[in-house]
Amino acid sequence: MVLDSKLPEGPIAEKWEKHKFNVKLVNPSNKRKYDIIVVGTGLAGASAAASLAELGYNVKAFTYHDSPRRAHSIAAQGGINAAKNYQNDGDSIYRLFYDTVKGGDYRSREANVYRLAQVSVNIIDQCVAQGVPFAREYGGLLANRSFGGAQVSRTFYARGQTGQQLLLGAYSALSRQVAYGKVKLYTRSEMLDLVTVDGQARGIITRNLLTGEIEQHAAHAVVLATGGYGNVFFLSTNAMYCNATAAWRAHKKGAYFANPCFTQIHPTCIPVSGDYQSKLTLMSESLRNDGRVWVPATKETAERLRKGEIDVNDIQEDDRDYFLERKYPAFGNLVPRDVASRNAKQMCDEGKGVGSTGLAVYLDFADVIKRTSAEAVSQKYGNLFDMYAKITGENPYERPMRIYPAVHYTMGGLWVDYNLQTTVKGLYATGECNFSDHGANRLGASALMQGLADGYFVIPYTIGDYLASTPPKPVTTEDPAFAEATAAVQARVQQMMSINGTRTPDDFHKKLGNLMWEYCGMSRNAEGLRFAKQEIAKLRQEFWSDLKLAGTETEMNQALEKAGRVADFLELGELMVDDALDRNESCGGHFREEYQTPEGEALRNDDDYAYVAAWEYMGDNQPEKLNKEELTFENVKLTQRSYK
Amino acid sequence: MAGSNPNAKPMNLTLKVWRQKNRVSEGGIVDYKVKDISPDMSFLEMLDVLNEDLLRQGQEPVAFDHDCREGICGSCNLFINGRAHGPEQGTTTCQLHMRKFSDGDTITIEPWRAAAFPINKDLSVDRSAFDRIIQAGGYVSINTGGTPDANEIPIPKDIADRAFEAATCIGCGACVAACKNASAMLFVSAKVSQLALLPQGHVERKTRVENMVAQMDLEGFGACTNIGSCAAECPVGISLENIAILNQEFLSAKATSNNLA
Amino acid sequence: MSWISKTLTSSIGRKIVMATTGLFLCSFLVVHLLINLQLLRHDGGASFNFWAEFMGTNPVIRFMEIVLMLGFAVHIYQGLALAYHNKKARGAQGYVVNHSEQNSQWSSRNMALLGTLLLIFLIIHLMNFWVRSRFDAFGGLAMVKVPNMDHPVGDLYSVAAASFKIPWYVALYAVAQIALGYHLWHGFRSGFQTLGLKHPKYTPAVYYTGYAFSVVISVLFALVPIVMFFDDQYQPRPATGQTVEQSLTEEPAVLR
Ligand SMILES: Cc1cc2nc3c(=O)[nH]c(=O)nc-3n(C[C@H](O)[C@H](O)[C@H](O)COP(=O)(O)OP(=O)(O)OC[C@H]3O[C@@H](n4cnc5c(N)ncnc54)[C@H](O)[C@@H]3O)c2cc1C
Ligand code: HEM
Ligand code: SF4
Ligand code: FES
């Protein structure tokens, strides 16, 4: 199959307008004859479900949470980008587009990113109209802050809870449609398979997490907005339940998986404190606006510090190395995430790390507190500081925070064309679930933007193009494909229940996480990746022979839920390793040690790797097939990214 | 210093956990022991330890809701030693850390209890009543697209800030759990006052409060008697002022709306 | 008029009824207390009897009395109904361990209990004074002549003075005032909150007024029977069947 990204013709600034004119429309009275399934009620899912229902489609929305409002989007802290140029500092749609393509290390599709920048301005209008309480200036107008990878202030925020406020906005729009009866909401329902009929997505199979019942749902089209797969690493900033199951099941039913190895490691997270650690907590990137990152200038000082012989506040200015400011004078502490993360790791590798484990660097607010006041800092970051204090038991107003990189976001995901349609007809993917707009590295405050762009302003147009060519006949679950898929899901559940081995799902998950972090994490090399591939395969076998569960499958059974997710992670993990092995270059979040500049920066290979790697499932225990979508850049010049 | 202190002394604890098979069965307290709990662990990580032990022994782990473990999703909801979200003020269960407890402690862990929050299993309860209250009117009725420029309506900073404070409710239900009357007024008032404060919410001001309160009553929550346990236990500090605003909104809506039903 | 009944039976509507009646009852307490304090004048009850007669005969006051009775009835009915509804909302299974004392005040959690205590007291209290003064069948009052009144009036003072020599009655009265104090400690500010009257500028004042109000009212109410119990000066007049003349300045005739 040739990958057709369906990019519209014409100059980049006109593509989306033209495309909107060219897509087929479903006439208003016919819309109510179409059913659409939306899986996921995060920013991408809730906004899509609400907008589609407003248009008149019948929507069924699914989430494994007990309420749509709990989707992981709620946890986003820092902000959302939009090219409003309210600050008069030279921002524009083109600049946002340019920054995003550059920030993604030239591995994203120009046209998609340009469209994202275009609709970014509508998102802010939409959210404000919903009553989202963004931060404001004294004059009553909206405030902005700056974020990594950009030299303008274009990030809209609601203190440290931007994701929460945006999600509650989308949730309210969704709730309104539920009240109108246009959206039927299925909570605590987990999609466990996609049903395709004649190569078209026609429904899903779900498990009711309260009763264990396996249920069938049919529709004319299916939208997956199921979030990212960062939890392959066990420890990440993602919520505990985040998983890849929906996307992975769709992948096995024919949807290509793109760039799985592109994972983002966020530089500012609270370090691991022990092996009981269940997740990692992000300290928003916005902190780097005011916090200064440093380590002791020498190994010796760092060692004494770790042993507790000296206190951090005893270390004099000239005994500190503000390594980001030193190496990147233009961007300083605000370099993109991949750069900041790698540098922190490098410092720790050199023995200058702090904290009992030596796996941390400082993020210091002493200067800004001196310059302004503790109150002013609390106004801006109060909730983050409180969170830090609760978790670590340390007061960040008095001692610098200890931070370390952690897995945060997955740029990879289901391959989609310009319409956000996957390689399965009638199956769409939005939000973090797709691979689209961030290339090899996502800029801060761009995921919220993308999720909402997809849901509010892209899918409502593009899905019509597909539906218009599908007859508005009712779809049912009568097709044998539904029974087949249901039987397969049931068999898998029962198989897991009947192994009765000795190891818990978490046990396998932790092992997998360690392997992934060690060999497919912040930096990778061919040898390590090959080793990891073998180990993962082994672990997968052990999983299917030594898994331990309790209770039954016909009731609420959280260990069973977890086991199903881990089983899919064990397959996806291997694909990530394959992808990382294939990509013999360093770009963005993918740092192959073999490919670096003399200064240790990522060394891209545009001649051979300016493509999207779209992996095709070929059957159980078969190697996946690599399909390439070549990326062409007509509007930005490919350069070595420099933030010096 | 905790967090940086690998020598913090591990604790042994006795847990008294409410176990209940499903919505209709009887429940009861079951005692468990957990050992070597690090003070740096979060409360839920301590429960993870218990659950891993149980599962390895072939027993069913304790069901409880949680997700973000950052205090923002509102999933976690445990009644710990007689307090919603445990002893530390302004803290969700997931952000509670074991350094708040001491070696040898006995900790009682129960689910939220309220007629409107039926128990699913063990410590997991059904809070969908909250969703239905929001569905009754917790929104501004605008469709996607066609909205005016975001800076068209200036909003005084202090109003925006107050609306934001109200909007930070995480929908956890601690207010209901802690309230003697199992009243959902704090939750409802947070949404009502957020939208009553902002100009965007003014158009539907009256119908919103009428419908949301009607749904709240229908769900079987109790009536507020201004005890204040809710605000004292609310992990994000939603203030009682919001309930006053709700009362005001309700009274003036009822007195002046065109709704005769 | 279904919107009215719907409003009044909604959870907030019920509360608004509680608050308006409750605060109205507070104003009644002030009047009641002022009259009770007349008991402590050293005038053999002349002032007290004067005001008691005034309250019993003035048409405006008589009208307000009906409002007051209604107020009590509604407040009590609604209070008990609320308590019942709220108990049901809490669910069948209570907490095994509950430390609500760590998040709220005792008085706030026990309004229904306090109210019920008040109700019991109220019944006994009414039987003793109000019923007696209004309905001759229940004992009636001796008649006295007081200044500024052209006709003889009932000697309610003697009923009070006699009652306040009975230890259990004084004790009951005092305990009831403790209950009243706690009821108002929460009730006063709560009424304002219910009516949506909350403002950072004024609410602190409401709180302090409420606390002061509850203490002053209940202490003064309790003081009257206690003083009269311990002070021999306050004695009921023996029922002679004749109208006794009283003056406001004259020291009471000490009857032994
Ligand atoms: C701590 C943190 C902070 C962040 N801060 C920012 C920020 O400041 N700015 C920014 O732009 N981005 C930020 N991000 C990234 C951003 O939050 C996410 O990428 C984005 O919210 C993802 O939204 P989504 O709608 O695609 O998925 P999610 O919000 O993850 O939603 C997934 C939904 O799918 C459902 N689901 C998944 N699988 C299934 C299944 N099998 N069956 C049924 N339902 C399913 C879930 O229940 C959920 O409703 C942050 C991320 C993290 C982890
Ligand atoms: C002198 C008599 C009384 C006065 C002055 C009084 C005053 C008040 C006030 C001001 C409130 C607060 C209302 C609110 O929060 O909105 C209140 C509440 C209450 N009262 Fe009374 N009350 C009196 C007698 C009674 C009696 C006899 C009962 C009998 C049961 C009672 C039961 C209650 C209850 C249950 C509440 C709590 C309900 C609530 O807070 O909404 N009260 N009272
Ligand atoms: S008001 Fe507070 S306690 Fe109640 S649901 Fe919201 S956050 Fe939880
Ligand atoms: S788990 Fe999300 S708030 Fe506690």
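Residue numbers start from 1 in every chain, and the chains themselves are labelled A, B, ... in the order their sequence lines are given, proteins ahead of strands. All figures in this text were calculated on a predicted structure; none of them were measured in a lab.
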Check: So how far is it from B/Ser124 OG to B/Asp65 CG, rounded to the nearest 0.5 Å?
Finding: 3.5 Å
Notebook entry, point to check: For chain A, which of B/Lys100, B/Gln95, B/Glu152 has the most heavy-atom pairs under 4.5 Å?
Noted result: B/Gln95
Item checked: Donor-acceptor contact below 3.5 Å, side chain B/Asn211 vs main chain B/Arg208 -> no
Notebook entry, point to check: Does the ring centre of B/Phe64 sit less than 6.0 Å away from the ring centre of B/Phe43?
Noted result: no
Checklist line | Within 6.0 Å of OH in A/Tyr461, more than 12 heavy atoms from elsewhere | finding: no
Margin query: So for A/Tyr86, is it side chain, backbone, both, or neither that comes closer than 4.5 Å to the heavy atoms of chain B?
Written below: side chain
Item checked: Toward chain B, the part of A/Ala559 with a non-hydrogen atom under 4.5 Å -> side chain
Margin query: Looking at chain A, which one of B/Gln57, B/Lys121, B/Glu88 has the largest number of heavy-atom pairs inside 4.5 Å, strictly under?
Written below: B/Lys121
Notebook entry, point to check: When heavy-atom pairs shorter than 4.5 Å are enumerated against chain A, which of B/Leu197, B/Ile170, B/Leu54, B/Leu96 gives the highest number?
Noted result: B/Ile170
Next item on the list: Could you check A/Asn500, A/Thr502, A/Thr504, A/Asp507 and say which one makes a side chain to side chain donor-acceptor pair (under 3.5 Å) with A/Lys548?
Entry: A/Asn500
Next item on the list: Check each atom of B/Asp48 against the heavy atoms of chain A and say whether the ones under 4.5 Å are side chain, backbone, both or neither.
Entry: side chain
Note to self: Less than 4.0 angstrom from a charged side-chain N to a carboxylate O is my criterion; do B/Asp126 and B/Arg23 meet it?
What the structure shows: yes
Check: B/Ser42 side chain to B/Glu45 main-chain N or O, any donor-acceptor pair under 3.5 Å?
Finding: yes
Margin query: Under 4.5 Å from any heavy atom of chain A, what part of B/Ile155 do you find: side chain, backbone, both or neither?
Written below: both
Checklist line | Toward chain A, the part of B/Glu165 with a non-hydrogen atom under 4.5 Å | finding: side chain
Margin query: What part of A/Arg188 gets within 4.5 angstrom of chain B, counting heavy atoms only: side chain, backbone, both, or neither?
Written below: side chain
Item checked: When B/Ala163, B/Pro148, B/Ala166 are compared by non-hydrogen pairs under 4.5 Å with chain A, the top option -> B/Pro148
Next item on the list: Answer with side chain, backbone, both or neither: which region of A/Gln165 has an atom nearer than 4.5 Å to a non-hydrogen atom of chain B?
Entry: side chain
Next item on the list: Flag the one option from B/Val49, B/Thr91, B/Asp158 with the top tally of heavy-atom pairs under 4.5 Å to chain A.
Entry: B/Thr91
Margin query: Just so I understand: if I count every heavy-atom pair under 4.5 Å between each of A/Leu142, A/Ile270, A/Ile124, A/Thr187 and chain B, which residue has the most?
Written below: A/Leu142
Item checked: Under 4.5 Å from a heavy atom of chain B, the part of A/Leu52 involved -> neither
Next item on the list: Without swapping roles, check the side chain of A/Gln126 against the backbone of B/Gly145 for a donor-acceptor pair under 3.5 Å.
Entry: yes
Margin query: Please classify the contact of B/Val203 with chain A as side chain, backbone, both or neither, using a heavy-atom distance under 4.5 Å.
Written below: neither
Margin query: Is A/Glu137 in contact with chain B via its backbone, its side chain, both, or neither, using a 4.5 Å heavy-atom distance?
Written below: backbone
Item checked: A/Lys510 bridged to A/Asp506 by N-O distance under 4.0 Å -> no
Note to self: So that I can tick it off, tell me whether B/Arg56 and B/Glu52 are bridged by a salt bridge, with the cut-off set at under 4.0 angstrom between side-chain N and carboxylate O.
What the structure shows: yes
Check: In terms of heavy-atom proximity below 4.5 Å to chain B, should A/Leu168 be classed as side chain, backbone, both, or neither?
Finding: side chain
Notebook entry, point to check: Looking at B/Glu60 and B/Arg19, does any basic side-chain N land under 4.0 Å from a carboxylate oxygen?
Noted result: no
Note to self: Is B/Leu55 close to chain A through its backbone or its side chain, or both, or neither, when contacts mean heavy atoms under 4.5 Å?
What the structure shows: both
Margin query: Among B/Gly74, B/Gly146, B/Gly58, which residue has the highest count of heavy-atom pairs closer than 4.5 Å to chain A?
Written below: B/Gly74
